[in-house]
Amino acid sequence: MMRRFEVRPIPSRRLRAALFLLGLLSILALEQTRLTGWVYGLALGMLLVLLAVAWRHTVQAVMPLLVSFRPLEVSLLQPSGEWAPGRCVSLSVYPWLIVLKVRPVLDLEQSAPRLVLLLPDSLLPASEKSWRQILVWAQQMRRQIGSGQKRLSA
């Protein structure tokens with residue numbers, strides 16, 4: 001097993017397709033309500049703004065990550081081109097989705113955690129081997145986070 005590998009996520013086409021379908025269903029559901037006049041216009045406007053913001057987030061490039069198996073850690077690519085160590089604050093792992101909250105170690109209290117969504121088609125190069133590797137790393141990291149929280153609460 002590789003000790004380190006770089007993850008360069010790209011915007012997921014599946015996520016954009018799901019968001020488009022969600023938008024269509026939301027507009028259809030809004031059409032079925034008894035809202036009229038300015039209330040209907042306000043609801044439609046809020047829905048379109050939410051969909052536009054979500055769409056903008058799906059087309060933005062995600063920051064590259066460098067993950068390591070031994071020890072389990074993650075590094076973030078800074079705008080200067082240097083790799084900075086990061087700390088995984090929380091992690092959700094599903095067979096089709098990985099959600100990471102990563103915070104740079106250098107300014108742990110000052111910066112907000114960055115949310116990284118990974119889908120099988122968002123990895124470059126898109127291969128089942130690279131998806132399995134990141135899935136194994138995420139499951140091990142999740143166990144490490146869980147055991148660290150148990151020690152802190154005890």
Side-chain angles (χ1 to χ4, degrees), residues 5-69 72-79 83-84 86-105 107-150 153:
F5 64 97
E6 189 174 335
V7 178
R8 290 193 173 267
I10 59 173
S12 172
R13 289 179 285 166
R14 291 180 190 173
L15 187 59
R16 283 183 277 179
L19 182 62
F20 181 72
L21 182 61
L22 180 70
L24 288 178
L25 290 174
S26 299
I27 291 172
L28 180 65
L30 190 60
E31 289 292 324
Q32 300 302 315
T33 64
R34 294 181 184 222
L35 296 177
T36 58
W38 68 273
V39 177
Y40 175 78
L42 180 66
L44 183 62
M46 288 174 33
L47 176 65
L48 291 177
V49 166
L50 285 173
L51 289 173
V53 169
W55 187 265
R56 193 188 82 208
H57 284 293
T58 63
V59 296
Q60 288 178 344
V62 184
M63 75 188 122
L65 302 171
L66 185 65
V67 296
S68 170
F69 278 100
L72 283 171
E73 59 185 22
V74 63
S75 299
L76 307 168
L77 185 62
Q78 300 297 318
W83 291 100
R87 179 170 172 248
C88 227
V89 179
S90 69
L91 187 64
S92 298
V93 182
Y94 304 98
W96 63 91
L97 173 72
I98 299 171
V99 181
L100 291 160
K101 274 190 182 177
V102 180
R103 180 176 284 159
V105 171
D107 52 349
L108 203 56
E109 288 80 23
Q110 297 172 353
S111 67
R114 297 180 184 177
L115 188 67
V116 180
L117 295 174
L118 297 174
L119 284 94
D121 71 333
S122 66
L123 294 182
L124 199 61
S127 70
E128 286 191 32
K129 181 181 177 188
S130 60
W131 178 251
R132 278 193 303 258
Q133 284 179 331
I134 192 70
L135 201 57
V136 167
W137 175 86
Q139 289 169 344
Q140 290 177 353
M141 179 62 85
R142 185 171 179 220
R143 286 188 201 113
Q144 182 180 359
I145 292 171
S147 66
Q149 290 175 351
K150 285 178 187 176
S153 64

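Since this is a predicted model, take the numbers as computed values, not measurements.
Side chains of Val49 and Leu47 form no contact here, defined as non-hydrogen atoms less than 4.5 Å apart. In this structure the side chain of Leu25 never reaches within 4.5 angstrom of the side chain of Phe20, judged on heavy atoms.
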(request) List the steps, then state whether side chain to side chain contact (heavy atoms under 4.5 Å, CB included) holds for Val116 with Val99. (result) CA-CA 6 Å; Val116 180; Val99 181; over 6 Å; no
(request) Carefully, step by step, assess Leu19 and Leu21 under the rule side chain to side chain contact (heavy atoms under 4.5 Å, CB included). (result) CA-CA 5 Å; Leu19 182 62; Leu21 182 61; over 6 Å; no
(request) With side chain to side chain contact (heavy atoms under 4.5 Å, CB included) as the test, would you mind laying out the steps for Leu100 and Leu118 before giving the verdict? (result) CA-CA 8 Å; Leu100 291 160; Leu118 297 174; 4.2 Å; yes
(request) Go through the steps for Ile98 and Trp131 under the test side chain to side chain contact (heavy atoms under 4.5 Å, CB included), then give the verdict. (result) CA-CA 10 Å; Ile98 299 171; Trp131 178 251; 3.9 Å; yes
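The distance from the OG atom of Ser92 to the CZ atom of Arg142 is 6.5 Å, given to the nearest 0.5 Å. Considering CD1 of Ile27 and CG of Leu44, their distance stands at 6.5 Å, rounded to 0.5 Å. Annotation: the span from Leu135 atom CG to Gln140 atom CD amounts to 10.5 Å, rounded to 0.5 Å. Atom CG of residue Asp121 and atom CZ of residue Arg13 lie 6.0 Å apart, to the nearest 0.5 angstrom. Here the CH2-CD distance, from Trp137 to Gln144, works out to 9.0 Å after rounding to the nearest 0.5 Å. The structure places CG of Leu30 at 5.0 Å from OH of Tyr40, a figure rounded to the nearest 0.5 Å.
Heavy-atom minimum distance, Leu35 versus Ala43: CD1-CB, 4.1 Å.
The main-chain N or O of Leu50 is never found under 3.5 Å from a side-chain atom of Trp55 such that the two would form a donor-acceptor pair.
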